Amino acid sequence: MKLDDADALLQRVGTIAIMYYRTLPADSPGYQLNDDIDWCLDDLDAENVSAELRELIGRTVVDPTGHREALTAFVYGTVAGASPAE
């Protein structure tokens with residue numbers, strides 16, 4: 001993944017996370033978290049999308065404080081040419 005792609009992905013996740021609220025599914029019967037996850041991943045090449053990334057995005061949308069650090073580390077860890085964190 002390129003750095004610009006990683007930045008854009010995290011910005012999209014942040015956008016969805018600030019709009020999400022716990023009663024959203026009850027208030028909007030047609031709402032699907034997977035649709036928001038798909039939107040976050042729309043601009044990525046398929047080889048950059050994994051089940052683990054989808055899971056981290058979903059967890060971060062629902063509980064940003066609890067999962068944003070893991071998502072950020074995972075995403076930036078996939079950036080081409082990134083050196084491992086020390």
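Just so it is clear, the structure is predicted and the values come from calculations on it, not from any experiment.
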Would you check, one step at a time, whether the test salt bridge (charged side-chain N to carboxylate O under 4.0 Å, His left out) holds for D63 with R68? CA-CA 8 Å; D63 181 8; R68 68 179 171 229; over 6 Å; no
If you measure from NZ on K2 to CG on D45, what distance do you get to the nearest 0.5 Å? 7.5 Å
Rounded to the nearest 0.5 Å, how far apart are OH of Y76 and CG of L10? 5.0 Å
Considering non-hydrogen atoms only, spot the tightest contact between I18 and T15 and give its length. CG1-O, 3.2 Å
Do L9 and I57 have side-chain heavy atoms sitting under 4.5 Å apart? yes
Checking L71 against V13 for the side chain to side chain contact (heavy atoms under 4.5 Å, CB included) test, could you report, in this order, the C-alpha distance in whole Å, the side-chain angles of both residues, the deciding distance, and whether it holds? CA-CA 10 Å; L71 175 65; V13 173; 3.8 Å; yes
With no hydrogens and no angle check, just 3.5 Å: does a side-chain donor-acceptor pair link D36 and Y20? no
One should read off an interatomic distance between E69 CD and T60 OG1, to the nearest 0.5 angstrom, of 11.0 Å
Point-to-point distance, once rounded to the nearest 0.5 Å, from CG of L53 to SG of C40: 9.0 Å
Flag the pair Y21 / V62 as yes when at least one side-chain heavy-atom distance between them is below 4.5 Å, and no otherwise. no
Minimum heavy-atom separation for H67 and R59, please, with both atom names. CD2-O, 3.4 Å
Do you know the tightest heavy-atom contact between N48 and M1? OD1-N, 3.5 Å
Qualifying residues under side-chain contact (heavy atoms from CB on, under 4.5 Å), relative to R54, sequence neighbours excluded: N34, I37, D38, L41, V49
Is there a side-chain contact between E52 and L56, using heavy atoms and a 4.5 Å cut-off? yes
